[in-house]
Amino acid sequence: MKLPGFYLLSSLFMGFLATQPITLMASGGNGASSTTALKKYNAMFTFGDSMEETGNICAASSNKTELDVLTCTHPPYGQTYFGRPSCRWCDGRVVVDFIAQALGLPLLPPSKAKGKDFRRGVSMAITGGTAMNFSFYKSLGIEDPVWNHGSLDTQIQWFKELMPSFCRTEQSCKGFLGKSLFMFGGYGGNDYNIQLLEVGLTPQQAMKHTPKIVNAIANGVEKLIALGAVHIVVPGIFPTGCLPIFLSLFGDAAGKADFDRTGCLKPYNRLTDYHNTLLRTQVESIQRKRYNSTRLMYADYSGLMYRVVQEPEKFGFSNPLEACCGAGGGKYNFDVTARCGMEGATTACDDPSARLSWDGIHPTEELNKVIAGALLRGPYCTPPILG
């Protein structure tokens, strides 16, 4: 099935079973958490796609039609925390917001915003961000400009251009960045969205590109280290086969054997499990090579998310495969023609905090809070940010 790119703008769910307990800790308000004393960071710098977006797509785009199509500028986005759309693909805060608040840092301004102070952090993440450069997808026949907003390499270049605003010399930059926290992705979700939903590849066919995608992420980590980064979180991607958009598009044609006992699609989860396995191996390899100078933290989004999908009630959730916002109806409440924020789809479910999926693609604020807590304290970040 081939779909326009603006429907498919995020990293997606995938994973394997994990049985460790989760410490649910993240600052719930604007102030710092009591954990601030455990580790101090000068600033926080984030990279990625719509999962981490804090406003770059709105600051960078002058195309009103594109922004209308993307819908994160429409109610009810932002209703839970900001009381209005904030150019985040969520009802409130995203993971990096919770982490910044827990560390006593401000919410990160987008790098494309004008007149902002970036000395305590900035986000390069942008909707449609990919690990691979757009030239790779053009070679596959993709022309949709939504996938050309800012690849991994482009976002690193944006960061380098901003560095003089918070450090002046190579030595001062290495000192400042060495005491800052970097959230690098998760990259990869959109790389598979393009292949599966635009090019029309099967999950197995998409696997042939996984080593290239993972190598691009690993090379990006090395580039940040060369600039002076020491503390870098590198997330895997979420379980694609558990996401309402994939379930609604491919579930009807799937056979009974294609579903696991949670109701997720196994072929799509195998693809992202393969990606995460290769990525974790690369992260561990870089860490061994730079043991004395770098602290890499692999964030196991897949292990965490799959456990929450399996046991939603233990985390205060219900209907784990059903979107909160949208007018799709049916088992997953998702329809690409009636997505959250579109006309006739501007009312969310009664209690977004009880749902995992906000719009069929992105997590709710409550789920983002759970993820942030697991990264800050563990065990789904190795080592934990505050470890």
Side-chain angles (χ1 to χ4, degrees), residues 5 8-11 44-57 59-61 96 108 110-113 118 121-167 170 173-174 177 180-195 198-199 206 209-230 232-237 275 278-279 282-283 285-286 289-290 294 296 298-299:
L8 319 165
L9 303 171
S10 72
S11 300
M44 180 174 167
F45 302 106
T46 65
F47 303 75
D49 56 24
S50 57
M51 288 290 191
E52 297 79 32
E53 169 83 74
T54 65
N56 269 322
I57 191 64
S61 181
V96 296
L108 303 182
S111 62
K112 295 301 178 183
F118 299 135
V122 61
S123 173
M124 272 57 63
I126 192 166
T127 299
T130 54
M132 301 295 290
N133 290 324
F134 189 57
S135 58
F136 174 74
Y137 293 109
K138 288 190 74 173
S139 74
L140 298 181
I142 298 301
E143 299 290 342
D144 194 331
V146 75
W147 306 117
N148 196 25
H149 284 145
S151 68
L152 177 157
D153 281 342
T154 299
Q155 291 181 33
I156 292 177
Q157 183 58 39
W158 292 345
F159 179 69
K160 291 167 71 174
E161 292 168 359
L162 288 177
M163 284 174 60
S165 68
F166 43 79
C167 57
E170 181 177 353
C173 283
K174 284 187 178 295
L177 299 182
S180 299
L181 178 67
F182 287 77
M183 289 283 297
F184 197 59
Y187 284 110
N190 282 332
D191 296 270
Y192 297 114
N193 291 346
I194 297 169
Q195 295 177 62
E198 291 228 40
V199 180
H209 298 303
T210 299
K212 294 179 184 178
I213 294 168
V214 170
N215 283 339
I217 299 169
N219 289 338
V221 171
E222 293 277 17
K223 290 176 182 178
L224 291 184
I225 293 172
L227 292 174
V230 172
I232 309 173
V233 179
V234 185
I237 56 177
H275 170 96
L278 293 187
L279 179 61
Q282 286 270 32
V283 170
S285 176
I286 297 171
K289 182 171 64 175
R290 299 181 177 273
T294 303
L296 300 185
Y298 176 75

Can you list the residues that meet the side chain to side chain contact (heavy atoms under 4.5 Å, CB included) rule with K138, with sequence neighbours excluded? F134, E143
Any F166 side-chain heavy atom under 4.5 Å of L177 side chain: yes
Nearest 0.5 Å, what's the OG1-CH2 distance between T127 and W147? 9.5 Å
I'd like to know if the side chain of N133 reaches the main chain of S135, judged simply by a donor and an acceptor atom lying under 3.5 Å from each other, with no hydrogens or angles considered. no
With F45 as partner, the option from F118, W158, F159, F184 fulfilling ring pair (Phe, Tyr, Trp, His ring centres under 6.0 Å) is F159
Working to the nearest 0.5 angstrom, can you tell me the gap between Q155 CD and S111 OG? 7.5 Å
Rounded to the nearest 0.5 Å, how far apart are SG of C167 and CG of L162? 10.5 Å
So do the side chains of E198 and Y137 get within less than 4.5 Å of each other, counting heavy atoms only? no
Considering non-hydrogen atoms only, spot the tightest contact between P110 and G55 and give its length. CB-C, 3.6 Å
What's the shortest heavy-atom distance between A59 and A113, and which atoms? CB-N, 4.0 Å
Evaluate the side-chain proximity of M183 to L108: yes if any heavy-atom separation is below 4.5 Å, no if none is. no
Cut-off 3.5 Å, no hydrogens considered: what does the side-chain donor-acceptor table look like for residues 214-230, sequence neighbours left out?
unit_1: N215; atom_1: OD1; unit_2: Q282; atom_2: NE2; d: 2.5
unit_1: N215; atom_1: ND2; unit_2: P211; atom_2: O; d: 3.2
unit_1: N219; atom_1: ND2; unit_2: N215; atom_2: O; d: 3.2
unit_1: E222; atom_1: OE1; unit_2: R290; atom_2: NE; d: 3.0
unit_1: E222; atom_1: OE1; unit_2: R290; atom_2: NH2; d: 3.0
unit_1: E222; atom_1: OE2; unit_2: K289; atom_2: NZ; d: 2.8
unit_1: K223; atom_1: NZ; unit_2: D153; atom_2: OD1; d: 2.9

Rounded to the nearest 0.5 Å, how far does CG of L296 lie from CD1 of I286? 6.0 Å
Min side-chain heavy-atom separation S123-V96 under 4.5 Å: no
Would you check if L279 and Y298 make a side-chain contact, meaning some heavy-atom pair closer than 4.5 Å? yes
Shortest non-hydrogen contact from A125 to E53? O-OE2, 3.8 Å
So does V146 get a backbone contact from the side chain of H149, meaning a donor-acceptor N/O pair under 3.5 Å? yes
Measuring from atom CD1 of I232 to atom CG of L181, what distance do you get when rounded to the nearest 0.5 angstrom? 9.5 Å
State, to 0.1 Å, how close G188 and A131 come at their nearest heavy-atom pair, and which atoms those are. N-CB, 4.5 Å
Give a yes or no on whether Q157 atom CD has more than 12 heavy-atom contacts from other residues, nucleotides or ligands under 6.0 Å away. yes
Is it the case that the side chains of N190 and T130 hold a donor-acceptor pair, with the cut-off being a distance below 3.5 Å and no angle test? no
Do M124 and T46 come close enough that some side-chain heavy atom pair is under 4.5 Å? no
Ring pair (Phe, Tyr, Trp, His ring centres under 6.0 Å) partners of Y192, counting only residues at least two apart: H275
Please report the C-alpha distance between H209 and I194 in whole Å, then the side-chain angles of each, then the deciding distance to 0.1 Å, and finally whether the side chain to side chain contact (heavy atoms under 4.5 Å, CB included) criterion is met. CA-CA 12 Å; H209 298 303; I194 297 169; over 6 Å; no
